[in-house]
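Taking it in order: structure first as structure tokens, then the write-up.
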Amino acid sequence: MTASGAKHVGNIATIITGTVQEVTREIGEWITDAIEMNEAAAAARKDAAAQAETLPDEIPDETEPATPAGSAYVEAEVVDSDLDDRR
């Protein structure tokens, strides 16, 4: 009975030791990831600040293309097709 109890206690201790090791490894990797993300964010802020210093004060808005003087526009009516209704 004593030998059986000692064997089971030993197995339980081995399981607990392995679990603690795995949990510790995961926590360490999580902390490492957090540190790396923090360092990457700091580097990105530093790069953005350096880029802001080198760019001109006013950047032209490129959402609308520039039109040459004297160019003509063609106005067209937008027709909504009823393709979905035919199905």
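Remember, it's a predicted structure, so these values are computed and weren't measured experimentally. All values below come from the heavy atoms of this structure, side chains included, with hydrogens, waters and symmetry mates left out.
Remark: Ile27 engages Val23, Ile31 in a side chain to side chain contact (heavy atoms under 4.5 Å, CB included) (not counting sequence neighbours). The side chain to side chain contact (heavy atoms under 4.5 Å, CB included) test applied to Glu22 returns Arg25, not counting sequence neighbours. Every residue two or more places apart in sequence or in another chain that forms a side chain to side chain contact (heavy atoms under 4.5 Å, CB included) with Asp33 is listed here: Glu36, Met37.
Atoms CG and CD1, on Asn38 and Ile35 in that order, are 8.5 Å from each other to the nearest 0.5 Å.
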